[in-house]
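Below: one structure, written as structure tokens.
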Amino acid sequence: MSKAVQFDRYGEADVLEVRDVPKPVPAAGEVLVEVKAAAINPGEAMIRCGALHDRWPATFPSGQGSDMAGVVAEVGDGVDTFGVGDEVLGFTDDRASHAQFVVVPAGQLTAKPPDVSWQVAGSLYVAGTTAYAAVRAVALRPGDTVAVAGAAGGVGTIAVQLAKRAGATVLGIAGPSNDDWLTAHGVIPVNYGDGLANRLRAAAPDGQVDALLDFFGGGYVELAVTELGIDPQRVDTIIDFPAIERFGVKGEGNADAGNATVLAELADLTAVGELEVPIAAEYPLDQVQEAYRRLEQRHTRGKIVLRP
């Protein structure tokens with residue numbers, strides 16, 4: 001037996017339970033991973049409370065989690081890319097990584113660089129590939145200015161760094177407690193609140209904002225298109241789905257870059273110190289409710305990680 005997070009109905013964090021479940025067995029082409037770290041994500045909280053039922057319904061009992069990093073415990077028939085004892089990071093599409101053990105297809109894993117911590121390795125997939133896809137979607141060029149809403153969150157902290165690597169001037173929309181972190185990473189902090197459009201123009205080198213990445217929701221897409229006059233094809237949101245249809249903006253995220261090749265690229269950048277993944281907190285698996293309550297306050301910088 002092993003332990004895994006499950007829930008039987010939509011609701012707040014208190015519906016989450018850590019249960020004894022049969023230890024998974026890898027089929028042909030699969031790998032059994034003993035999980036050392038698995039991040040939690042806002043999208044998982046929205047699925048759990050039923051907010052995304054029409055788009056991504058849950059089947060009960062449901063597990064949770066996509067991100068994970070760990071040690072290969074068993075390999076199924078036909079797997080020759082990994083062996084028992086290998087350190088890996090990767091992802092599951094079965095909402096199952098918040099557990100002691102998880103089975104994943106071998107093609108959804110990549111080797112964990114020795115210089116990347118378990119916490120960071122277990123946090124890279126959802127946030128990293130989402131940030132990668134969003135930055136790519138707005139086609140940043142050297143000299144562009146991009147505003148990033150939710151710049152201090154799990155996705156935002158990675159996206160601002162990738163946008164800087166693309167040569168853009170980056171305006172990070174966040175609360176004042178994040179000013180120092182953003183500045184230290186070459187990002188111009190712009191605090192949210194009334195008058196934001198004017199503050200963004202004032203912070204842009206030529207008074208013009210060329211693109212916007214929305215990782216928070218709450219009207220940033222409308223501000224980009226109607227107040228800042230940004231071309232809708234240079235606006236990407238991962239959360240404001242009605243705005244995609246209303247304004248014709250992009251909605252590219254994890255589904256558009258969620259593969260082991262991109263994950264390996266991000267891991268390598270992290271290993272050589274060219275990408276930082278801030279870890280806001282870590283919790284043991286049996287404190288999963290507390291971890292999600294903290295996440296859902298929407299004031300953490302970087303990632304929250306479970307350590308089974």
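All figures in this text were calculated on a predicted structure; none of them were measured in a lab.
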Gap separating the NZ atom of K112 from the CG atom of L124, nearest 0.5 angstrom: 11.0 Å
Parallel, tilted or perpendicular: rings of Y125 and F91 (30°, 60°): parallel
Side-chain touch P42/R298, heavy atoms, less than 4.5 angstrom: no
Linked, directly or transitively: V88 and V262 (ILVMFWY side chains, under 4.5 Å): no
SB check E222 R246 (cutoff 4.0 Å): yes
Donor-acceptor contact present, side-chain E245 to main-chain F241, <3.5 Å: no
Donor-acceptor pair, side chain of R301 and main chain of S177, under 3.5 angstrom: yes
Side-chain (R307) to main-chain (K36) donor-acceptor, under 3.5 angstrom: yes
Pairwise distance OG1(T145) to CZ(R201) - rounded to 0.5 angstrom: 13.0 Å
4.5 Å side-chain heavy-atom contact, S97 and V35: no
Residue among R48, Q64, Q297 satisfying side chain to side chain donor-acceptor pair (under 3.5 Å) with Y292: Q64
Side chains of W118 and E282 in contact at under 4.5 Å (non-hydrogen atoms): no
Exam field: side chain D214 to backbone V221, donor-acceptor pair closer than 3.5 Å: no
Mutual orientation of the aromatic rings belonging to F216 and Y220 [parallel < 30°, tilted 30-60°, perpendicular > 60°]: perpendicular
D210 side-chain N/O to D144 backbone N/O, donor-acceptor pair under 3.5 Å: no
R19/D8 salt bridge by N-O under 4.0 Å criterion: yes
Spacing of OH belonging to Y132 relative to CG belonging to L266, to within rounding of 0.5 Å: 7.5 Å
Backbone of D194 reached by a side-chain donor or acceptor of R199 within 3.5 Å: yes
